[in-house]
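The sequence lines fix the lettering, A, B, ..., with proteins before strands; numbering per chain opens at 1.
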2 protein chains.
Amino acid sequence: MNGSSNGSSSRLIQGQVIEEMRRRIIKGAINPGAPLSELALAEEFGVSRTPVREALKQLQTEGLVEIRPRVGTFVTTPSRREITELFEMKELLEGAAARLLAQRGRVPEIDLLEENLREADAAVARDDRARYAQLVEEFHDLLIQGADNGKLEAHYRMLMNQLAYSRLVNTSLSQPGRPLQSDREHHLVLELVVAKDGDSAERVMREHVRASRQALMAGLQSSL
Amino acid sequence: MNGSSNGSSSRLIQGQVIEEMRRRIIKGAINPGAPLSELALAEEFGVSRTPVREALKQLQTEGLVEIRPRVGTFVTTPSRREITELFEMKELLEGAAARLLAQRGRVPEIDLLEENLREADAAVARDDRARYAQLVEEFHDLLIQGADNGKLEAHYRMLMNQLAYSRLVNTSLSQPGRPLQSDREHHLVLELVVAKDGDSAERVMREHVRASRQALMAGLQSSL
DNA sequence: CTACGGTTTGTTGCATGCAAGACCATCCGT
DNA sequence: ACGGATGGTCTTGCATGCAACAAACCGTAG
């Protein structure tokens with residue numbers, strides 16, 4: 001398994017459909033709850049229903065769509081409770097990743113993380129929120145990769161996909177002062193990782209995720 | 001999602017195939033690495049290739065089989081490294097579950113866990129390893145359910161399926177003295193949970209999983 | 001206006017046929 | 001005997017047709 005995607009998928013047309021549909025759902029190009037007709041998708045992609053059907057089946061197992069037998073297929077919308085659960089998992093996995101990374105010592109990912117923070121500092125300084133959002137995602141990705149645990153990474157990607165996190169990051173960072181605080185928290189985590197203090201790194205990382213979640217929830221409240 | 005199974009699957013024949021195949025793989029009724037022919041399975045179940053095919057696709061996403069395009073479908077065999085990774089995740093999730101359960105206070109699952117330990121004590125006392133193995137699985141299941149986090153439970157079940165844990169438990173418990181120690185560790189965890197000491201409960205639970213893993217690895221070594 | 005029945009439409013579930021690729025054994029040439 | 005080409009056979013991937021079911025829609029009776 002490579003994360004949540006189908007390994008050598010590019011050659012198989014069902015693989016292409018999977019990647020495209022996943023991209024659309026995660027980016028929010030399709031409204032949550034919207035129906036996905038096999039036939040319509042098949043025609044749009046210029047293929048038969050079969051590969052589309054198999055793609056949707058996989059996306060269902062990944063938790064991105066829901067197939068109601070003989071009714072239709074719909075983009076899933078996480079309930080408030082599920083969002084809370086997903087963040088609990090995010091906190092768990094990223095905290096563990098920080099600890100594992102700290103235990104590994106100085107691996108290439110550390111350098112990439114330091115470089116990431118240098119860029120992030122600059123982005124925050126010039127108030128470039130879009131760029132900073134990208135860097136935040138990269139930071140978390142590097143942390144997970146640095147943990148060097150394929151299963152952890154796979155489950156993490158699945159979670160983030162269900163959250164459609166790429167969209168949420170922006171909401172979270174739109175809270176005043178959040179980017180600066182977020183950047184500081186990243187610095188602290190990386191310091192503890194470099195110092196090989198796994199326990200503290202995990203604790204601080206979890207606090208960071210909690211803070212990020214609260215900023216997000218606040219942002220969601222105000223946007224509704 | 002209800003764990004890793006397909007919700008209302010009983011009526012759809014692909015759902016029946018999924019459940020049956022998953023059961024076989026987890027129970028070890030099929031040798032790891034063995035090829036699974038769509039046609040053969042279809043004939044055995046008395047259906048066409050289509051539902052079998054869709055079932056295998058889902059099992060692939062769950063990590064139980066591997067579909068090599070135009071070659072065949074095979075039962076996956078976790079590598080040594082993957083087993084280590086899976087146990088790292090198990091430790092993580094069960095530790096978190098212990099902490100979450102402790103935070104929830106006295107919920108029904110606590111009573112069930114205490115009842116479970118009473119039976120487990122008896123099973124250990126009369127050296128009934130088979131019964132104790134069942135109770136161990138039930139203990140961990142109750143812990144996860146008690147955490148009251150659906151996502152955590154879903155990911156946990158997926159992990160356990162990949163490990164084919166029901167088989168491994170026996171190997172682990174075949175180590176001399178392991179059942180008694182395991183039982184004691186369970187008691188300690190539950191005490192801390194009841195005392196609402198989440199941090200300690202998580203720590204001890206993780207130590208318990210590590211110990212269980214070491215017993216398993218020792219058992220695997222000697223059996224090879 | 002409301003409640004109920006029948007129909008119509010849309011959806012997915014399953015069966016089947018064909019095609020493309022991978023693998024293997026065999027045969028031929030050296 | 002050995003190496004390479006070649007054919008055959010097995011596998012899955014995809015296209016298509018039909019059937020079963022669900023939901024909406026409309027007309028009708030009360």
Side-chain angles (χ1 to χ4, degrees), chain A residues 1-2 5-22 24-25 30-77, chain B residues 1-2 5-22 24-25 30-77:
Chain A
M1 278 209 306
N2 58 349
S5 80
N6 193 342
S8 55
S9 48
S10 3
R11 294 185 47 193
L12 277 54
I13 83 183
Q14 62 171 301
Q16 299 176 20
V17 176
I18 289 174
E19 291 181 7
E20 174 61 17
M21 293 305 299
R22 185 161 43 208
R24 288 188 192 181
I25 295 175
I30 317 176
N31 284 339
L36 298 173
S37 163
E38 292 178 3
L39 192 59
L41 290 172
E43 287 176 358
E44 178 188 342
F45 287 104
V47 298
S48 86
R49 274 181 54 209
T50 308
V52 172
R53 184 174 173 71
E54 298 187 352
L56 292 177
K57 188 99 179 55
Q58 169 159 345
L59 292 177
Q60 177 187 43
T61 308
E62 292 179 11
L64 293 183
V65 308
E66 176 189 1
I67 302 176
R68 303 229 299 266
R70 302 220 150 80
V71 175
T73 304
F74 307 87
V75 180
T76 56
T77 79
Chain B
M1 281 211 301
N2 59 347
S5 81
N6 193 342
S8 55
S9 47
S10 4
R11 292 185 46 193
L12 278 53
I13 83 183
Q14 63 172 296
Q16 298 177 21
V17 175
I18 289 174
E19 290 181 9
E20 174 61 17
M21 292 305 299
R22 185 161 42 210
R24 289 189 190 180
I25 295 175
I30 316 177
N31 285 339
L36 299 173
S37 163
E38 293 178 1
L39 192 59
L41 290 172
E43 289 176 357
E44 178 188 341
F45 287 103
V47 298
S48 86
R49 274 182 53 210
T50 306
V52 171
R53 185 174 173 70
E54 299 185 353
L56 292 178
K57 188 99 180 48
Q58 169 159 344
L59 293 177
Q60 177 187 44
T61 308
E62 291 179 12
L64 292 183
V65 308
E66 178 189 359
I67 302 177
R68 301 227 303 264
R70 303 222 148 78
V71 175
T73 304
F74 307 87
V75 180
T76 56
T77 79

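- Under the rule for a side chain to side chain contact (heavy atoms under 4.5 Å, CB included), the partners of Val47(A) that lie at least two apart in sequence or sit in another chain are Ile13(A), Phe45(A), Pro51(A), Val52(A).
- Residue Glu43(A) contributes atom CD, which lies 10 Å from atom P of dT11(C) at whole-angstrom precision.
- In this structure Ala34(A) satisfies the side chain to side chain contact (heavy atoms under 4.5 Å, CB included) test together with Ile30(A), Asn31(A), sequence neighbours excluded.
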N/O donor to acceptor pairs below 3.5 angstrom from side-chain atoms of residues 67-74 of chain A, sequence neighbours left out:
none

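- When every heavy atom of Pro32(B) is checked against every heavy atom of Thr77(B), the shortest pair comes out as CB-CG2, 3.1 Å.
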What does nucleotides 12-19 of chain D look like as a protein-contact string, B for base, S for sugar-phosphate only, - for none, at under 4.0 angstrom between heavy atoms?
-> BBSBBB--
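- Screening residues 42-56 of chain B for salt bridge (Lys or Arg N to Asp or Glu O under 4.0 Å), with sequence neighbours left out, gives Arg53(A)-Glu54(B), Glu54(A)-Arg53(B), Arg24(B)-Glu44(B), Glu38(B)-Arg49(B), Glu38(B)-Arg53(B).
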